[in-house]
Amino acid sequence: MLQFKSPEHSDREAVCKAVGEASYVGSDASFGNLFLLRKKYGTEIAFENGTLFRYYNGKGSRRGYTIPLGGALDVGDAIQLIEQHAAESNRPLEFCLVTQEQLKILQQYFGERAAVEENRGDSDYIYSAESLATLEGKDYRKKRNHFSRFNRTYSDYELRPITAENSADALDVEKLWLIESGTIEIAKENVANPCVDDASAECCEDRKSRCAEFDAIAEALYRMDALGFRGAILYVDGNPAGMTMATEISSGVWDIHFEKVIGEYAENGGYTAINKLFAESLGGVGLINREEDINIEGLRKAKLSYYPLVILHKYHVTIKSL
């Protein structure tokens, strides 16, 4: 029987190997997400003959097994192991974050027993790294204008890699973003999470999610090397104006986990600037995955405005009993 456990940072090499062998490009399999979101979704992983198995204990489309990746197991044998595990652990036989290609596998294996549901908000937006770095072509005219506005407004700016010496600046950007979003009223100093004990802000799911993201960013900064993160801070006149962090999913495919720009910088083209400059800094990368839009209309519009090469649709599949 498969032995599932919570991901640990020491699992990175094995996870990345399996994902790389599968040439998978979905953000759900990036080790950064598996590790940082392990508590939010109750994520568990297991290995058998080098094949990566995942299970999500979340809600809705974040509940169920995923299609196994990499390793020496035949996909049919791997699915049989999942069937056995579901039966022995009294878990429903359901699969989440299933791509269109993976959906065909499940439909061939289970036939009409596979009940399929799509959640558009789970779909990944995947872009040409070169296009994001150069902004060339008529499609990117508006983005070039945004970057030109940033250049005209700020003459003294630079993108610096995140290091141990400046990681506090990246966290300060997130704190200020939380204030601007109305999540918290003040940025508390020397605390693990500025949202804690902030009774002035209404406690709701959106606020909880933003505060959980703060924890994830703090942990990513603390474990950058162990988790394989690369990040950068956008400075304007020597002051931190934005931050971004990413990890490699598989060879040449990078996942943007966090990207925040604050204050007037956001209004004057800062997001376009940090997006372009960071894509340039990655160098030699083929694809950039900017993750899902979680059904937020404004976020969907923003992601579409960069003209993705691929929208990686994902499905939730429930297997009906015989």
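The structure presented is a predicted model; accordingly, all values stated were derived computationally and were not measured.
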Trainee: Do you know the tightest heavy-atom contact between Y265 and A241?
Mentor: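 Nearest pair, atom of Y265 first, then A241: CD1-CB, 3.3 Å.
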
Trainee: Please report the closest heavy-atom contact between L221 and S167, naming both atoms and the distance.
Mentor: CD1-O, 3.7 Å

Trainee: Hey, is the main chain of G263 close enough, under 3.5 Å, to the side chain of E180 for a donor-acceptor pair?
Mentor: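 Yes; at least one donor-acceptor contact below 3.5 Å.
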
Trainee: Does the side chain of T272 reach to within under 4.5 Å of the side chain of F150, using non-hydrogen atoms?
Mentor: no

Trainee: Start with the C-alpha distance between N268 and T153, add both sets of side-chain angles, then the distance that settles side chain to side chain donor-acceptor pair (under 3.5 Å), and finish with yes or no.
Mentor: CA-CA 7 Å; N268 290 317; T153 307; 4.6 Å; no

Trainee: Would you say the side-chain atoms of K276 pair up with the backbone N or O of A133, donor to acceptor, closer than 3.5 Å?
Mentor: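 The answer is yes, because a donor-acceptor pair under 3.5 Å joins these two groups.
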
Trainee: Counting distance only, does the side-chain N/O of E117 pair as donor-acceptor with the main-chain N or O of H316 below 3.5 Å?
Mentor: no

Trainee: Can any side-chain N or O of R38 pair as donor or acceptor with the backbone N or O of F35 at less than 3.5 Å?
Mentor: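 Yes, the answer is positive, given that a donor and an acceptor are paired below the 3.5 Å cut-off.
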
Trainee: Quick check against the 3.5 Å criterion: does E13 have a side-chain atom that pairs as donor or acceptor with the backbone of K17?
Mentor: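 The answer is no, because no donor-acceptor pair under 3.5 Å joins these two groups.
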
Trainee: Could R144 and F147 be counted as a cation-pi pair, given that NZ or CZ must be under 6.0 Å from the ring centre and within 45° of the axis?
Mentor: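 Because its charged atom misses either the 6.0 Å distance or the 45° angle limit, R144 does not stack over F147.
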
Trainee: Which is it for E165 and T163 under the side chain to side chain donor-acceptor pair (under 3.5 Å) test, yes or no, and what are the steps along the way?
Mentor: CA-CA 5 Å; E165 287 69 32; T163 65; 3.2 Å; yes

Trainee: Heavy atoms only: give me the nearest R63-Y55 pair and the separation to one decimal.
Mentor: CG-OH, 4.4 Å

Trainee: Determine whether K143 and Y307 make a side-chain contact, defined as any pair of heavy atoms from C-beta on separated by less than 4.5 Å.
Mentor: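 No, their side chains stay 4.5 Å or more apart.
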
Trainee: If you measure only the distance, is there a donor-acceptor pair under 3.5 Å linking the side chains of S27 and D124?
Mentor: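 Yes, because at least one side-chain N or O of S27 sits under 3.5 Å from a partner of the opposite role on D124.
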
Trainee: Would Y222 end up clustered with L227 when hydrophobic side chains under 4.5 Å apart are linked, directly or stepwise?
Mentor: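 Result: no, two separate clusters.
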
Trainee: Taking the side chain from S250 and the backbone from Y24, do they hold a donor-acceptor pair closer than 3.5 Å?
Mentor: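 Here the side-chain-to-backbone pair exists.
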
Trainee: What distance separates L36 CG from T43 OG1, expressed to the nearest 0.5 Å?
Mentor: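 It is 10.5 Å, given to the nearest 0.5 Å.
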
Trainee: I'd like to know if the side chain of N275 reaches the main chain of L132, judged simply by a donor and an acceptor atom lying under 3.5 Å from each other, with no hydrogens or angles considered.
Mentor: no

Trainee: Check whether any side-chain heavy atom of L81 sits under 4.5 Å from a side-chain heavy atom of L73, and report yes or no.
Mentor: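 Side-chain contact under 4.5 Å: yes.
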
Trainee: Which heavy atom of Y235 sits nearest to which heavy atom of P240, and what is that distance?
Mentor: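 For Y235 and P240, the tightest heavy-atom pair comes out as CD2-N, 3.6 Å.
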
Trainee: Decide side-chain contact (heavy atoms from CB on, under 4.5 Å) for N33 and E291; before the verdict, give the C-alpha distance in whole Å, the side-chain angles of both, and the deciding distance to 0.1 Å.
Mentor: CA-CA 11 Å; N33 279 333; E291 300 194 343; 2.9 Å; yes

Trainee: Can you hop from M224 to I217 via hydrophobic side chains spaced under 4.5 Å?
Mentor: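 Same cluster: M224 reaches I217 through Ile, Leu, Val, Met, Phe, Trp or Tyr contacts under 4.5 Å.
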
Trainee: Counting only N and O atoms by type, is there a donor-acceptor contact under 3.5 Å from the side chain of Y127 to the main-chain atoms of R290?
Mentor: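 Pair absent, no side-chain N/O of Y127 close to backbone of R290.
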
Trainee: Can you find a pair of side-chain heavy atoms, one from L93 and one from F110, that are under 4.5 Å apart?
Mentor: yes

Trainee: With the 4.5 Å side-chain cut-off for hydrophobic clustering, are V98 and V310 part of the same group?
Mentor: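 No, V98 and V310 fall in different hydrophobic clusters.
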
Trainee: Does the pair D11 and K5 meet the rule for a salt bridge (Lys or Arg N to Asp or Glu O under 4.0 Å), with working shown?
Mentor: CA-CA 11 Å; D11 294 314; K5 69 181 187 69; 2.5 Å; yes

Trainee: Okay, side chain of T51, backbone of G70: is any donor-acceptor separation there less than 3.5 Å?
Mentor: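 Pair found, side chain donor or acceptor close to backbone of G70.
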
Trainee: Over all heavy atoms of both residues, which pair between Y65 and S89 is shortest? Give the atoms and the distance, please.
Mentor: OH-OG, 4.0 Å

Trainee: I'd like to know if the side chain of S128 pairs up with that of E130 as donor and acceptor (distance under 3.5 Å, no hydrogens or angles considered).
Mentor: no

Trainee: Which atom names give the shortest non-hydrogen contact between A78 and P68, and what distance separates them?
Mentor: CB-CG, 3.5 Å

Trainee: Name the orientation class of the two ring planes belonging to Y306 and Y140 (parallel below 30°, tilted from 30 to 60°, perpendicular beyond 60°).
Mentor: tilted

Trainee: Are H85 and F4 close enough, and set up right, to give a ring pair (Phe, Tyr, Trp, His ring centres under 6.0 Å), and what steps lead you there?
Mentor: CA-CA 10 Å; H85 185 272; F4 281 93; 4.8 Å; yes

Trainee: Nearest 0.5 Å, please: how far is OG1 in T66 from CZ in F53?
Mentor: 9.0 Å

Trainee: Report the relative orientation of the aromatic rings in F258 and F229; use parallel for angles under 30°, tilted for 30 to 60°, perpendicular for over 60°.
Mentor: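 The rings of F258 and F229 lie parallel, inter-plane angle below 30°.
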
Trainee: Are E219 and K40 within salt-bridge range, i.e. N to O under 4.0 Å?
Mentor: no

Trainee: If you round to the nearest 0.5 Å, how far is CZ of R120 from CZ of R300?
Mentor: 4.5 Å

Trainee: Same cluster or not: I105 versus L312, using hydrophobic residues (I, L, V, M, F, W, Y) connected whenever any side-chain heavy atoms lie under 4.5 Å apart?
Mentor: no

Trainee: Report yes or no: do F95 and L69 belong to one cluster of Ile/Leu/Val/Met/Phe/Trp/Tyr joined by side chain heavy-atom distances under 4.5 Å?
Mentor: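 No, no single cluster joins them.
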
Trainee: Ignoring hydrogens and angles, tell me if any N or O in the side chain of D255 forms a donor-acceptor pair with the backbone of A29 under 3.5 Å.
Mentor: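 No.
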
Trainee: Check the pair R54 / D28 against salt bridge (Lys or Arg N to Asp or Glu O under 4.0 Å), numbers first and verdict last.
Mentor: CA-CA 10 Å; R54 292 175 285 152; D28 53 281; 2.8 Å; yes

